[in-house]
Asks: 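Below you'll find the structure I mean.
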Amino acid sequence: MEGFILGLTTVSRYVLLLIALYVVVRVVLAMFFKKATNPVRGRLVNDITGEVITLRDNETSIGRNKNCDVVLGFDTISRLHAVMAFRNKGFVIFDTNSKSGVTVNGERIKSKANIYDGDRVGFGGLEYTLSVNKFKYIKDKSGALGRPNYFIILILISIFNIFTMLLTSFPEGKFEILVASAFLGMIILMWGYFFFSSNVMRITSFEVESIAFLFTSIGLGIVASIYPGGTLKQFFAIVIGVLGFCVLLSLLRFVDTIKVFRYMLSVGAIGLLAFTLLIAEPTNGALSWVNIGGISLQPSELVKVAFVFVGAVTLEKLQSIKQLTLYIIFAAICVLELFLMYDFGAALIFFFTFIVIAFMRSGDIRTIMLICIAAALGAVLIILFKPYVAARFSGYLHIWENMDTTGYQQTRTLIYSASGGLFGLGLGNGKLRNVFAAAEDLVFGVVCEEYGIIMGFLIPITFALVTVAIIINAQRSKSTFYAISGVAATSMLLFQSMLNIFGVTDLLPLTGVTLPFVSKGGSSIICCFCLLAFMKSVDTRTFSNFKPDLARPAPKKKRRVKNEVDN
Amino acid sequence: MKSTTKRGFIVLLLVAVFTVGLVYLAFNLGTNAEKWATLRVNNHLVNDGSFIGAGNVLDRNGEILAQTVDGERVYNNSERIRRSTLHIVGDSEGYIASGVQTAYKRELIGYNLVTGIYSLKKYERGNDVTLTIDSSVSAIALDALGSRKGIVAVYNYKTGEILCSVSSPNFDIRNKPLTEEIEKNQNGKYEGLYLNRLLDGLYTPGSVFKIITASCAYENIPDIESWEYECEGEMFINGVRVSCPRKHGKLDIEKAFAQSCNCAFAEISKKISAAQLTNTANAFGFYDNFTFGNSFTEESIINLSDASASDVAWASVGQYTTLMNPYHALTIAGAIANNGTAKLPFVVKNFASPSGRVVKEMTPEEVVYTTPENAKRLKELMRSAVENNYGDWNFSGVTMCGKTGTAEVSDTEKPHSWFLGFSEDEKCPLAIVVVVENGGWGSTTAIPVASKVIKEASKVIS
């Protein structure tokens with residue numbers, strides 16, 4: 001048996017790396033080379049000039065300002081006059097506080113109105129007729145590069161799991177069924193998701209999911225190898241994460257329906273953090289963990305998902321000053337609460353994500369600079385009045401002088417990463433695993449030591465490439481919500497990887513955040529999969545096969561909707 | 001919509017910062033990986049504070065001096081060999097910094113960035129090292145030195161290989177004295193216990209330095225071959241007395257050197273300037289650091305910048321503030337024996353991977369100290385000293401050249417006893433340095449030690 005494991009370790013050093021390289025390269029290529037299909041939903045045709053406004057996106061802004069999607073350069077048109085939205089029930093026109101108003105079939109609307117094929121829409125004296133295109137199922141027109149064979153990719157990730165299973169299921173020379181079952185479960189979960197989403201959710205591409213499955217497999221291997229007893233727990237977190245991903249992704253189809261939850265979610269998020277602050281016992285100097293019925297949770301991870309959702313879901317009211325102010329207040333409270341928990345890493349991540357969302361919503365660099373300066377001043381004040389906050393980071397840039405105290409984790413990460421070489425020592429052969437928080441904060445070092453430095457660097461490089469791909473794909477995304485939430489979620493994960501990897505290698509102060517998807521930790525894994533749903537929604541193909549209800553409802557119902565004031 | 005999504009490109013700034021950080025990290029890792037991975041805190045290399053990352057340490061005949069067995073470092077079975085090779089092999093804890101196990105730690109671990117320490121993990125040991133040391137000669141040298149503090153080192157001046165280097169005080173690594181004992185250092189018994197005196201020692205050279213003064217005389221005094229001097233047993237320079245143990249009578253340079261007449265050399269010192277003497281000393285390697293693995297030897301010192309005429313006279317006979325390192329002294333003997341060019345002594349023949357492949361072969365460096373003509377004249381002086389003064393009977397079977405030193409160190413202690421010499425036989429190209437701390441006369445203390453060691457070493461080499 002021992003000889004078999006030894007031989008397997010030798011082979012696995014190269015096999016695991018090759019699988020990971022293939023999956024990442026193939027998927028990232030697909031993300032860059034796929035063709036985003038963005039079908040024309042309808043047209044507005046000018047009654048007099050015959051000028052045509054093509055409607056593709058879920059939100060098309062109309063106004064005098066050159067930032068609008070449709071620029072109408074007339075004095076009667078307000079800077080942002082109206083937003084033409086495409087929802088599950090067809091087109092909706094929003095009057096964004098224009099001076100001269102918006103008319104539908106000659107009647108001035110209050111704030112919004114559903115419009116249907118043949119309706120006439122007027123902005124400041126310009127009259128258009130809406131023609132709605134018939135819905136067609138859209139074929140993925142990506143070329144061969146843009147459409148990898150996910151069957152092969154899933155088989156490869158399954159092989160990856162089988163290898164890790166064999167390497168970790170004999171911790172004391174005896175077969176551990178619980179450890180092995182976690183890996184088998186992982187394989188079933190992946191294939192199950194694959195069939196469910198392609199048949200029920202009608203999803204044809206699995207780019208971000210493939211990468212998430214690969215990275216969670218790496219993490220699961222490390223957990224199984226260091227804490228065999230925690231393997232199943234980690235696996236269940238992955239299951240919950242994937243379920244959360246599916247649920248959230250399904251809900252995101254109905255953004256205009258679920259957006260009403262934003263106030264509830266904001267209050268809930270603030271409340272949850274406050275609750276944590278009250279009852280949490282200090283864990284490693286932070287108050288970020290709560291223990292409920294034997295399960296410890298890190299509520300800030302769950303709040304991350306709400307934070308992105310609340311920030312992005314404003315839809316047609318994106319430009320509204322009131323909405324942005326409310327979000328700033330929400331974000332400030334969240335960051336402050338995290339700061340009070342001494343969870344500085346999470347506070348930074350939230351602050352950074354807030355900046356990304358606020359900028360994408362408003363484009364107002366001046367306000368954002370002011371907020372940054374205010375935040376920096378706040379941080380300086382806190383450090384001045386609470387010196388122990390600064391003391392927590394005193395080891396930063398002085399790790400080699402304090403190798404056995406404040407620099408212990410960082411120096412060991414570097415020493416053992418270097419020991420692993422490019423191809424690693426094989427899973428289970430490392431020494432960093434004996435250092436505190438090896439599978440959590442220091443997991444980058446464990447990957448470098450046991451899977452090799454190439455594998456270690458592959459993870460952050462992949463995060464960076466996926467981020468670039470998401471930003472580019474967001475240009476074609478159908479809704480501002482998908483674009484903002486997708487970019488915010490991917491930046492959040494990238495920023496968190498940066499804090500983690502640069503923290504343990506002393507390029508940045510050590511803040512104790514996890515490496516997305518790879519680190520041990522249930523809350524973290526669940527949060528990552530939920531954020532993945534936002535990233536997935538950026539892809540136009542994700543929701544393209546759902547048929548909207550374009551028919552005009554019975555006249556009675558129509559009048560009711562027309563007069564309703566949106567809140 | 002379109003302006004909103006375009007704003008997403010701001011996140012590329014983060015991607016850029018992240019990429020720069022990753023490149024920096026990769027560069028940092030690439031350049032420092034070996035340094036970091038070979039640190040003693042790396043538990044792959046150290047077990048219970050004992051360095052196990054090395055492979056076997058072998059002497060020139062394949063005798064195992066140290067090896068790792070089941071995660072423990074085990075040393076040679078003979079106590080004499082363990083003691084005599086202690087400072088060359090080094091200890092597992094790294095106290096003996098210049099020992100091979102510490103000074104050549106990186107080569108022994110066999111780290112490389114591509115495979116990390118994988119080979120060490122696989123074979124459960126690092127690279128093997130074959131030394132140039134001969135354990136039997138070392139054991140004889142240990143016997144000859146006995147419990148006295150000092151150093152005996154022999155090397156092949158044609159190849160640079162060190163055959164033995166025994167430093168005292170030493171200890172048996174299997175029964176190491178307690179740390180408290182060492183720290184207490186009763187009667188100075190453990191003074192510089194962890195130092196290899198060959199590399200780290202710095203002694204007043206006494207008459208051994210006359211080799212340098214003689215060389216300076218040959219270079220700077222045109223009629224030195226015909227120069228003669230009458231030794232009265234003492235002389236005065238600016239009222240300061242320079243003395244000899246006895247009246248040497250009428251001397252030329254050869255006799256003055258052979259009989260080690262201080263007065264004659266003081267007279268010579270009047271004919272040369274302090275600067276000329278310093279220049280010659282510098283040409284002969286004073287103030288040079290010689291590398292030894294990742295450590296350096298102590299540099300020999302001669303500082304005549306504020307010296308009076310009498311100070312220069314005392315310096316010319318190896319007193320005043322002059323200090324000499326034994327390794328450096330050995331290179332001087334080697335250079336004179338080898339036409340003015342020293343092959344620098346070294347202790348490691350090669351490193352081989354656990355699979356037996358030689359990964360690094362060591363070749364000696366060379367340093368030119370003087371011209372072949374000058375080397376020949378100095379060799380004649382040193383030959384004459386052995387032949388006419390110390391007696392060839394001390395070194396039966398070899399044609400020895402050499403110079404003793406009796407270096408005064410203080411009024412209360414006995415002088416350091418030196419012998420620096422070499423065999424001029426083609427078949428036995430050995431040079432030797434002996435320093436016995438507070439050993440008394442060079443000829444009565446250092447020569448018998450040298451005699452025993454050269455006898456054994458000449459057997460081994462031929």
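These numbers come from the heavy atoms of this one structure, side chains and all, not from hydrogens, waters or symmetry mates. In what follows, chains carry the letters A, B, and so on, assigned in the order in which the sequence lines appear, proteins first and then strands, with residues in each chain numbered from 1.
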Asks: Tell me, side chain or backbone of A/L507 under 4.5 Å from chain B's heavy atoms, or both, or neither?
Replies: side chain
Asks: For A/A474 and B/T5, work out which heavy atoms get closest and say how close.
Replies: O-CG2, 3.3 Å
Asks: Looking at every heavy atom in both A/A464 and B/F18, which two are closest together, and how far apart are they?
Replies: CB-CD2, 3.9 Å
Asks: Which value, rounded to the nearest 0.5 Å, describes the distance between A/I471 atom CD1 and B/R7 atom CZ?
Replies: 15.0 Å
Asks: Does any heavy atom of chain B fall under 4.5 Å from the side chain of A/C68, the backbone, both, or neither of them?
Replies: backbone
Asks: Can you tell me which of B/L39, B/L25, B/V15 forms the most heavy-atom pairs within a distance under 4.5 Å of chain A?
Replies: B/L25
Asks: Non-hydrogen atoms of chain B under 4.5 Å away: do they reach the side chain of A/T10, the backbone, both or neither?
Replies: both
Asks: Between A/T467 and chain B, with a heavy-atom cut-off of 4.5 Å, which part of the residue counts as in contact: side chain, backbone, both or neither?
Replies: side chain
Asks: Closest approach of B/K121 and A/N429, non-hydrogen atoms and distance?
Replies: CE-O, 3.2 Å
Asks: With a 4.5 angstrom heavy-atom cut-off, could you sort out which part of A/F457 is near chain B: side chain, backbone, both or neither?
Replies: side chain
Asks: Can you say whether A/Y482 sits under 4.5 Å from chain B via the side chain, the backbone, both, or neither, judging by heavy atoms?
Replies: neither
Asks: Find the one option among A/V487, A/V356, A/L494 whose heavy-atom pairs under 4.5 Å with chain B are most numerous.
Replies: A/L494
Asks: Counting heavy-atom pairs under 4.5 Å with chain A, which one of B/I10, B/L29, B/L113, B/L22 comes out on top?
Replies: B/L22
Asks: Shortest non-hydrogen contact from B/H44 to A/E449?
Replies: NE2-OE2, 2.6 Å
Asks: Of the backbone (N, CA, C, O) and the side chain (C-beta and beyond), which part of A/Y416 lies under 4.5 Å from a heavy atom of chain B, both, or neither?
Replies: side chain
Asks: Hey, does B/L14 have a side-chain heavy atom less than 4.5 Å from the side chain of A/M498?
Replies: yes
Asks: At a 4.5 Å cut-off on heavy atoms, which part of A/I453 comes close to chain B: side chain, backbone, both, or neither?
Replies: side chain
Asks: May I ask you to decide if A/G421's main-chain N or O and B/Y111's side chain share a donor-acceptor pair within less than 3.5 Å?
Replies: no
Asks: Would you mind telling me which of B/V41, B/V17, B/T19 has the largest number of heavy-atom pairs within less than 4.5 Å of chain A?
Replies: B/V41
